[in-house]
Amino acid sequence: MMGKVTLRNLAAHKIRLVLTGVAVILGVAFVAGTLIFTDSMNKQFDDLFSRVGKNVAVDVRAKKVVGGDDDGMAAQPVPASVLTALRGVEGVKDPRGNVTGYAAVVGKDGKVIGTPQNGPPQIGANWTAGGSYDLKAGRAPQGPAEVVIDATTAEKGKLSVGDTARVVTAGPPQRMKIVGLIDTGNLMGATVTAFDTPTAQALMLKPGYFSDIEMGSTGPSQAELRDRVAKVLPQGMEAVTGEKLREESKSDIASMMNFFQTFLLVFALISIFVGAFIIFNTFSMLVAQRTRELALLRAVGAARGQVTRAVIGEAVAVGVIGSTLGLLVGAGLASLLQSQMGDAGQGGLTFTARPVIWSYVVGIVVTVVSAYFPARRAAKIPPVAAMRDDVAMPQRSLRIRVALGSLLTAAGAGLIAVGLAGAGGSPIALVGVGVFAVFIGVAMLAPVISLPVLRVLGAPFARLMGSPGRLARQNALRNPRRTAATAAALMIGLALITTVNVLGSSTSASMDAKVDAQFGADYLVMPTGAGSIGAEVPGKIKAVPGVRNASPTYTADAKIAGKRDSVMSGDVAEIAKAARLKMVAGSSDLGAAGIMVDDKSAKKHGWTVGATIPVQFTDGRTEPLRLTGIYTKSDLIGANVIAEQAYRQHTVRPFIDAVIVDAATADAATKTGIENALKDYPALDVSDQAALKEQISKQIDGLVKFVSILLAMSVIIAAVGVVNTLALSVIERTREIGLLRAIGISRRQLRRMIRVESIMIAVFGALLGMGIGVAFGAAMQNALADKGLGVLAVPYGTLVVYLVVAAVIGVLAALWPAWRAGRMDVLKAIATE
């Protein structure tokens, strides 16, 4: 019988439950979309690695002593003599020396093809017969004036076989003839530019050296062949199986994708958390409106458990339907995410059981848990209540709620403080739990907070709009629990968005302050992507009228006192001047084998001027460097600067990361002169102090916008909650609305009343959320002050915009409920029980 009751109630309350289902759909869509997207990308990477190097049995490379990126120090090359020795090892088949590095092609529009800034790599390589790629058109390159490129890059740059194109590498740009196109399959946006082996060595490495040597097997297993090869290798070289090589590459990508998945799932959980408020609020109102009906069920013999199960049954149905639709919307969201990946997302979607299972688990569990407490309250309704004319859910005291809310808010704030201070085993987990506790605590306190705030917010409306304004304020104040639950959903989304904006503004302000304090160069020339700067570039810059000096700088990885760290090198006097270094002790004169460190590192290790610091370079050798000076921490140059001679001794080919420019006249003419001198170098960028600030600000703003867009889903769900609450409130107040119409209130006034009520709820939620967000942002900035976030900046203009947006949300959310209320038949509304 109760099953029929559940089905009848679902049919009778379709509109109300559809609105509840929207919250489930949006929350589940985020989870499903994230899982489908990451599954699809992982499948593309698996396909990629199954093709690349599939015939490699053993690979020979330099041992990774330090690790890090493949720059001049982190990728020690393999001498060509090793290739000769490998040809004599039994079981080795077709050993090939590979040369890999950075190379890109300039299209006919004069721009470098590809997306180097944090995008897919721009790969330079030597062309070898039987390698990983096949020729699609033309022939293999021969000599220093010929090149082959991948077909996708050729299409983007409007290039074809026979064209002459500029090729950008670490050295001077080369004009080369395109003699062939490579079929690379789906390289997920990476570009491939290949030369013959001597040209590739000259442009990207050094003549007589390879990046690695790969080989097949004539019969022995990979492990057996690896052991044979290892016996003929010189010190510092290692042999790894092809399987291990591919697994290493997959592991790196898997770590990146796992991080990205976790990052997106955090926002999905936020959306689900907000949706839970909406579902709880909706079922509470539905139960309150059906008190008489549920009491009659008790009166005719239904047990408490049956009533509870009937309400839970409705929640399960909403959860199942919402999860199904959410899964479909999630597939669309995954497709949208993939489209934003450009060339890296062209492989289509991959569907596995994982997103399906988790979509239904999340959707049903969240809906049922959110509906459980209203269901329990429904079961406690006494049968005698069915005989009353004005049935209502009992209003409980707020004392317990206030006590628990205060306790949770205080405990959450304490956990956040402990986490931000770096105490405890997992600071991030502590902060996460603390934020969750604060949100729950403030949501519990919201009914008490809402009373004075809504009185203030409603005062102008009451004064300017007369009766509709006064009625709207009274309606918002009538049930503070309901108002607070609706506003709390909006509060969470705007609190997190505000926190992100405060941190973003504080980061920009802090970086601006650092650039002002630490950037003493007139100009800085840097590559826009993963490439480096040719050795001839400083000379070209120095020849520009108005330029006094142009000093190259280098960075690399090393182990300092046994721990991996980055080091900078170059003309130390120019580096010190450009970074406005403040020496705490000693001097910046490093000599041939000196090092200087910042005060934080010196204090941590107990180093003083004159100390000997062991530095292990990526060629495996360790050199004791004398500490000649200690400087105040500088974010521009890092914690360690070593003598240029020491750097060069351990580097086969030095790669320039930046050029510091000292100008006699730092004006627009000088900057234009430098840019003209580098017009053949489209991958280089010339920045002064203002341009550097702008670049940093753009990067921070881009991240803030990206995170805010992800958080916007929770705000959309909250807006649905406002619509839901108002719609149910209109249904609940049907008789009251009829009486108001009967005594003379017009349809326009009635709709205005509902709009004002909606605006008050939305603005209250926004104010509460922005207040919490500013507090969170300020606390995090204060905790991170010693890590570089030294300036607190609150984006007041942005917050005003958010407040206006909240008011607009209120207006839009009220459109349908207000229209519905205005269309009610007066006599039927008055007769409603």
Side-chain angles (χ1 to χ4, degrees), residues 263 266-267 270 405-443 445 449 491-519 582 598-601 603-604 632-636 638-639 693 696-697 699-708 711 766-803:
F263 178 76
V266 167
F267 295 96
I270 291 169
S406 301
L407 183 62
L408 278 171
T409 303
L415 288 173
I416 292 171
V418 172
L420 292 176
S426 180
I428 294 177
L430 287 174
V431 171
V433 173
V435 168
F436 180 79
V438 168
F439 280 138
I440 296 294
V442 173
L445 292 172
I449 301 171
M491 169 201 78
I492 296 168
L494 281 175
L496 294 171
I497 289 176
T498 301
T499 301
V500 170
N501 276 270
V502 170
L503 285 175
S505 296
S506 298
T507 303
S508 291
S510 300
M511 293 306 296
D512 284 352
K514 287 177 183 177
V515 171
D516 288 335
Q518 299 178 11
F519 186 79
K582 296 178 181 178
D598 66 15
D599 50 359
K600 186 176 179 181
S601 296
K603 183 178 180 181
K604 178 182 176 181
T632 302
K633 182 183 175 185
S634 170
D635 296 281
L636 293 182
K693 285 182 182 180
I696 295 170
S697 181
Q699 291 177 1
I700 296 169
D701 289 346
L703 179 61
V704 169
K705 286 177 183 177
F706 176 67
V707 174
S708 296
L711 287 170
L767 288 173
L768 198 59
M770 288 190 295
I772 295 172
V774 170
F776 280 174
M780 294 182 73
Q781 179 274 325
N782 185 64
L784 298 171
D786 62 338
K787 292 182 170 55
L789 210 63
V791 180
L792 173 64
V794 179
Y796 294 106
T798 303
L799 297 187
V800 171
V801 171
Y802 288 159
L803 200 59

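Here, residue 1 is the first one in the sequence, and each next residue gets the next number.
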Rounded to the nearest 0.5 Å, how far does [atom2] of [Y] lie from [atom1] of [X]?
X	Y	atom1	atom2	value
Tyr802	Leu799	OH	CG	7.5 Å
Leu803	Met770	CG	CE	4.5 Å
Ile270	Ile492	CD1	CD1	9.0 Å
Leu445	Thr409	CG	OG1	4.5 Å
Phe519	Asp635	CZ	CG	14.0 Å

With a 4.5 Å heavy-atom cut-off, do [X] and [Y] have their side chains touching?
X	Y	answer
Ile772	Met491	yes
Thr499	Val435	no
Leu503	Leu789	yes
Val502	Leu792	yes
Val800	Tyr796	no
Leu496	Phe439	yes
Lys693	Asp516	yes
Ser634	Asp598	no

Polar side-chain atom of [X] near backbone of [Y] as donor-acceptor pair, under 3.5 Å:
X	Y	value
Ser697	Ser508	no
Thr498	Leu494	yes
Asn501	Ile497	yes
Ser505	Val794	no

Could you pull out the closest heavy-atom pair between [X] and [Y], with the gap in Å?
X	Y	answer
Pro795	Ala793	CD-O, 3.7 Å
Gly504	Ile700	O-CG2, 3.5 Å
Ser510	Gly790	OG-N, 3.2 Å
Gln518	Lys633	NE2-O, 4.1 Å
Val433	Leu415	CG1-CD1, 3.8 Å

Practice task
Evaluate the side-chain contact (heavy atoms from CB on, under 4.5 Å) criterion for residues Val791 and Asp512: first the C-alpha distance (whole Å), next the side-chain angles of each, then the deciding distance (0.1 Å), finally the verdict.
Solution key: CA-CA 10 Å; Val791 180; Asp512 284 352; over 6 Å; no

